[in-house]
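To start, the structure itself, in structure tokens.
Along the sequence shown, residues carry numbers from 1.
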Amino acid sequence: MALQLVVDSLDGMDDSIRSLYVESNGKFTLDVDGIDKAESVQTAIRREREARKEAEKRLKELGNLSREDIDELESLRAEAAKARGAEDIVNQLKARHQKELEAREKQAQAYRASLEKTVLESTASKLLAEHKGNVSLLMPHIQSALRVEEADGQFQVVPANAASLEEVVTGLKSTFPQAFSDSGHSGGGAPGGGGGGGIGKGKTISRAQYEQMTPAQRTEHFSAGGGIAD
């Protein structure tokens with residue numbers, strides 16, 4: 001059993017233990033070397049006083065409460081703890097629900113983007129086919145000139161910066177005349193070159209040569225009346 005540093009009385013102690021204590025200020029302090037006895041006693045007294053004050057405070061708070069009142073207080077504390085636990089659960093459910101909503105929103109946005117792309121590509125392909133345009137060559141250009149709008153849940157393609165879809169096609173014919181078979185030029189040849197001509201203004205180039213050109217070079221090639229031999 002551990003020995004207390006300071007006790008009020010030595011009554012009931014064995015004589016061998018009594019000899020370990022010395023009396024000081026009405027109390028008995030354990031006689032130990034290496035410890036500042038005055039400081040130890042003051043510390044023990046201070047702690048005792050603090051404990052007494054805390055006990056008196058608790059008693060004052062309880063006042064004249066009956067056992068039933070105390071039990072009711074304990075019950076209310078338990079209910080409050082349960083309420084806090086329930087609130088935590090609600091907050092967790094809200095966070096999970098918000099996360100699910102965000103995931104669904106992302107899925108909806110991805111679906112919408114895919115649908116818009118499909119509608120745009122379908123309309124662009126149809127326009128080029130109607131005007132006998134080279135789809136593989138003109139698709140990037142016509143797509144950049146169009147945009148998708150939604151009205152009453154329906155998606156439709158409209159010009160981005162033109163008055164009509166026909167005006168968009170007319171602009172492409174003006175910029176890339178060789179890409180349309182009804183423009184008066186053959187897609188496989190053009191003035192100034194044969195089917196195997198090299199890269200140059202007004203000449204027909206191979207598909208492999210076309211793939212190596214930059215977008216600016218392609219635009220310049222078609223603007224100069226050049227063509228592609230498929």
Seminar exercise, completed: Separation between CG (Leu137) and CG (Leu128), nearest 0.5 Å, reads 10.0 Å
For this session: Would you mind reporting whether Leu138 and Phe176 have side-chain heavy atoms less than 4.5 Å apart?
Result: yes
Exercise. Is it the case that one hydrophobic cluster holds both Tyr111 and Leu101, taking links as side-chain heavy atoms less than 4.5 Å apart, direct or via other members?
Worked result: no
Exercise. Ser164 and Pro159: which non-hydrogen atoms are nearest, and at how many Å?
Worked result: C-CG, 3.3 Å
For this session: Evaluate the side-chain contact (heavy atoms from CB on, under 4.5 Å) criterion for residues Met13 and Val7: first the C-alpha distance (whole Å), next the side-chain angles of each, then the deciding distance (0.1 Å), finally the verdict.
Result: CA-CA 11 Å; Met13 288 188 180; Val7 295; 4.1 Å; yes
Exercise. CD of Glu100 to CD of Gln98: how many Å apart, nearest 0.5 Å?
Worked result: 10.5 Å
For this session: State yes or no: do Val168 and Val135 share one hydrophobic cluster built from I, L, V, M, F, W and Y residues joined by side-chain heavy-atom distances below 4.5 Å, directly or via other members?
Result: yes
For this session: Take Leu10 and Ile17 through the side-chain contact (heavy atoms from CB on, under 4.5 Å) test and state the conclusion after the steps.
Result: CA-CA 9 Å; Leu10 299 179; Ile17 297 178; over 6 Å; no
Exercise. Are Val158 and Leu165 connected, step by step, through hydrophobic side chains (Ile, Leu, Val, Met, Phe, Trp, Tyr) whose heavy atoms are closer than 4.5 Å?
Worked result: no
Problem set entry | Atom pair CG (Leu20) and CG (Asp15), whose distance is rounded to the nearest 0.5 Å | 11.0 Å
Exercise. Is the backbone of Ser122 close enough, under 3.5 Å, to the side chain of Ser125 for a donor and an acceptor to pair up by distance?
Worked result: no
Exercise. Roughly how far, to the nearest 0.5 Å, is the CD atom of Gln156 from the CG atom of Leu146?
Worked result: 12.0 Å
Exercise. Side-chain contact, heavy-atom cut-off 4.5 Å: Arg147 with Glu116?
Worked result: no
Problem set entry | Atom pair CG (Asn134) and CD (Gln178), whose distance is rounded to the nearest 0.5 Å | 11.5 Å
Exercise. Short question: side chain of Thr118, backbone of Ser114 - any donor-acceptor pair under 3.5 Å?
Worked result: yes
For this session: Specify the closest pair of heavy atoms between Asp11 and Arg18, including all atoms of both residues, with the distance to one decimal.
Result: CA-NH2, 3.8 Å
For this session: Decide yes or no for Arg112 and Phe155: does some side-chain heavy atom of the first lie under 4.5 Å from some side-chain heavy atom of the second?
Result: yes
For this session: Could you tell me the separation between the NE2 atom of His97 and the CD atom of Glu102, rounded to the nearest 0.5 Å?
Result: 10.5 Å
